[in-house]
Amino acid sequence: MTVDPDDSRYQDLVRRGHKRYVGSPDYVRVVGSTEQVVQAVQEAVRDGRRVAVRSGGHCLENWVDDPSIRVLIDLSGMTQVYYDPERNAFAVEGGADLEQVYRRLFLGWGVTIPAGWCPKVGAGGHFTGGGYGVLSRTHGLVVDHLYGIEVVVVDGAGRASAVVATRDSTGAERELWWAHTGGGGGNFGIVTRFWLRTPGARGTDPSGLLPKAPASTIDFSCTWPWQGLNMDEEKFARLIRNHGEWCERNSAPGAPGTALYCDLTVARRATDVNLTVGQAHGPDAERLVEDYLTALGAGVGTPINVVRERKPWLTAALSGPNASKLYRLKAKSGYLRKRYDESQVQAIYRHLTAERDPELIIGSVGFASYGGKINTVPPTATAHGHRDAIMRVLFMSTWNDPAVDERYDNWLRDLYRDVYRDTGGVPDPRDGAYINYPDNDLADPAHNTSGVPWHRLYYKDNYPRLQRAKSHWDPRDIFTHTLGIRP
């Protein structure tokens, strides 16, 4: 189906992404099969039109919705999730979102994947960027269970074709599979199908090919208000330190604490909220939640709005956060191998307690637990090289008025630069950043003055190998964006 600007469906299709970015492609091609993707790509290449793909719509930068994109290929007609007996693996089409993946895997076979907590995230970009979620500390990353891909590529002569590559492949095909185990979306082609099977899984019973979903979980949340707790700098620093020390103690592979995921978000004093949310599973779930909340509150005070709710697993998986498209936003990220030092926490405090700014809806720093099973995989076994972190950090600002975009971009830039001032305004390259929270600033020398290239932060030592895969499979650089891998 081809939708041009005169079609009543056009505005909905070009506004499926984040609120901040809206493109104006010559047309949108909504596809329902791999053959249709091949045809759509071939036509765009023939006509010299720059092409982008939309699988879900959560991209935090303008890689998909940008004036330079002339053809948008929308995979919303490809959402099937099923068992493929030929490959003895579960197939997920490139347009499925995590809600569809979770529901169909669980109701059909009682299995799941350790993917993200937001059920409306598209599988395509999430998987290829090394997506993780609340079960990753127990089961690893999604890409650790990626058996194969079907991807539409364009060769040096401009010919589009579909290629299947698996971890059992050899040569260039295996490198294509490897490049999709954390190399980021929009770099090599359009993935129309993923196959998932845990390494070492035996037999042909589908219920034994991926991790079993927990029978139930305990979801928890509570807030640590600035006003109610008289949160001064000492208590604020203690709250962050408590969370960091808990992660340092409980992120070793196989540690009991890895059955709990926790995310502490500290926000501007003007909003009067600091929030922790999380989920625990397994026989010790209640104790893990109690121990974590006790450790978090030590020396800080008693939280309010404490919620602990046992839920069936699928109910919990489908009730995750869904508010990521409500506002205009800017995001930045970092990994941590150990908690922030005192000066970095002081920098966060300064920015979050500055004067009240009513148009800034959210200004926050979030610390999510990481590690566990994730860190049992060698950093070169997949393209996702961050295999020694214990936390992932998300910096975020949100607002509504387009007229203040630059103002609140700069608010976040100043915070980020201050936190990382000892490493040139960006994370220590030994820690790095998360490609699924992309930040175009890292490729802009006006904002990244550290001398550390953006690709070092996102891919560590794996970038040259990704470049070689790019040169082989996309030599004309058809699939590209601001943080695109260069041939």
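Only a predicted model underlies this, so the values are computations on that prediction, with no experimental measurement involved.
Counting heavy atoms of neighbouring residues, nucleotides and ligands inside a 6.0 Å radius, atom CZ of R350 exceeds 12 of them. Residue K338 places its NZ atom among 12 or fewer non-hydrogen atoms of other residues, nucleotides or ligands, all under 6.0 Å distant. The 12-atom threshold is exceeded at NZ of K460, counting heavy atoms of other residues, nucleotides or ligands nearer than 6.0 Å. Within a 6.0 Å sphere centred on CD of E286, other residues, nucleotides and ligands contribute 12 heavy atoms or fewer.
With no hydrogens or angles considered, a side-chain donor-acceptor pair links Y408 and D357 at under 3.5 Å. Side-chain atoms of T79 and E93 include no donor-acceptor pair closer than 3.5 Å. Checked by atom type, the side-chain pair D168/T166 shows no donor-acceptor distance below 3.5 Å. Inspection of the T217 and D219 side chains reveals an N or O donor paired with an N or O acceptor under 3.5 Å. Side-chain contact check for S251 and R137: at least one donor-acceptor pair (N or O, by modelled atom type) lies under 3.5 Å. For the residue pair E61/Y21, the side-chain donor-acceptor check at 3.5 Å is satisfied. Between the side chains of R413 and N410, at least one donor N or O lies within less than 3.5 Å of an accepting N or O. No side-chain N or O of W454 forms a donor-acceptor pair with one of D441 less than 3.5 Å apart.
A salt bridge is defined here as a Lys NZ or Arg NE, NH1 or NH2 lying under 4.0 Å from an Asp or Glu carboxylate O, and R238 with E234 fails to meet this definition. Between D65 and R54, at least one side-chain nitrogen of the basic residue sits less than 4.0 Å from a carboxylate oxygen of the acidic one, meeting the salt-bridge criterion. Between D284 and R287 there is a salt bridge, since a side-chain N of the basic residue sits under 4.0 Å from a carboxylate O of the acidic one. Here D409 does not pair with K330 in a salt bridge; the nearest charged N to carboxylate O distance is not below 4.0 Å. Using a 4.0 Å cut-off between a side-chain N of Lys or Arg and a carboxylate O of Asp or Glu, R387 and D144 qualify as a salt bridge.
At least one donor-acceptor pair closer than 3.5 Å links the side chain of K212 to the backbone N or O of S207. One N or O on the side chain of K470 and one on the backbone of N187 form a donor-acceptor pair closer than 3.5 Å. Looking only at distances, a side-chain donor or acceptor of H126 sits under 3.5 Å from a matching main-chain atom of G116. Within the 3.5 Å criterion, the main-chain N or O of A267 finds a donor-acceptor partner in the side chain of N274.
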| request: Dump the intermediate steps for side-chain contact (heavy atoms from CB on, under 4.5 Å) on L60 and H18, then the final yes or no. | output: CA-CA 7 Å; L60 300 180; H18 261 290; 3.2 Å; yes

| request: Decide yes or no on salt bridge (charged side-chain N to carboxylate O under 4.0 Å, His left out) for R417 and D414, but give the supporting numbers first. | output: CA-CA 5 Å; R417 187 182 304 113; D414 291 344; 2.9 Å; yes

| task | Would you please test F90 and F194 for ring-ring contact (aromatic ring centres under 6.0 Å, His included) and show each step? | result | CA-CA 8 Å; F90 291 99; F194 300 88; over 10 Å; no

| message | Quick one, D263 with T265, criterion side-chain contact (heavy atoms from CB on, under 4.5 Å). Give me CA distance, side-chain angles, the key distance, then yes/no. | response | CA-CA 6 Å; D263 190 338; T265 298; 3.6 Å; yes

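Taking the six-membered ring where the residue is Trp, the centroids of W195 and Y83 are separated by 6.0 Å or more. Between F220 and Y292, a ring centre-to-centre spacing shorter than 6.0 Å is recorded. Not less than 6.0 angstrom separates the ring centroid of F395 from the ring centroid of Y437. Side-chain rings of F479 and F188 stay apart, their centers remaining 6.0 Å or farther from each other.
Applying the ring-ring contact (aromatic ring centres under 6.0 Å, His included) test to every pair with at least one member in residues 294-319, sequence neighbours left out, gives these pairs: Y102-W313, F106-W313.
Note: I374 CD1 to D388 CG = 11.5 Å, rounded to the nearest 0.5 Å. Here N440 contributes atom CG and T482 contributes atom OG1; the two are 4.0 Å apart, rounded to the nearest 0.5 Å. Summarising the geometry, atom CG belonging to L466 is positioned 9.0 Å from atom CD belonging to E175; distances are rounded to the nearest 0.5 Å. Rounding to the nearest 0.5 Å gives a distance of 10.5 Å between CZ of R249 and CD1 of I390.
Evaluated for a ring-ring contact (aromatic ring centres under 6.0 Å, His included) with F367, the options W246, Y261, Y340 yield exactly one hit, Y340. For the ring-ring contact (aromatic ring centres under 6.0 Å, His included) with H386, the lone residue among Y335, Y370, Y434 that qualifies is Y335.
Applying the ring pair (Phe, Tyr, Trp, His ring centres under 6.0 Å) rule to F236 yields the partners W226, Y349; only residues at least two apart in sequence or on another chain are considered. Considering only residues two or more places apart in sequence or on other chains, W177 meets the ring pair (Phe, Tyr, Trp, His ring centres under 6.0 Å) condition with none of them.
Note: Y416 and Y420 have perpendicular aromatic rings, judged against thresholds of 30 and 60 degrees for the angle between ring planes.
You'll find the side chain of M78 stays beyond 4.5 Å of the side chain of S55, heavy atoms only.
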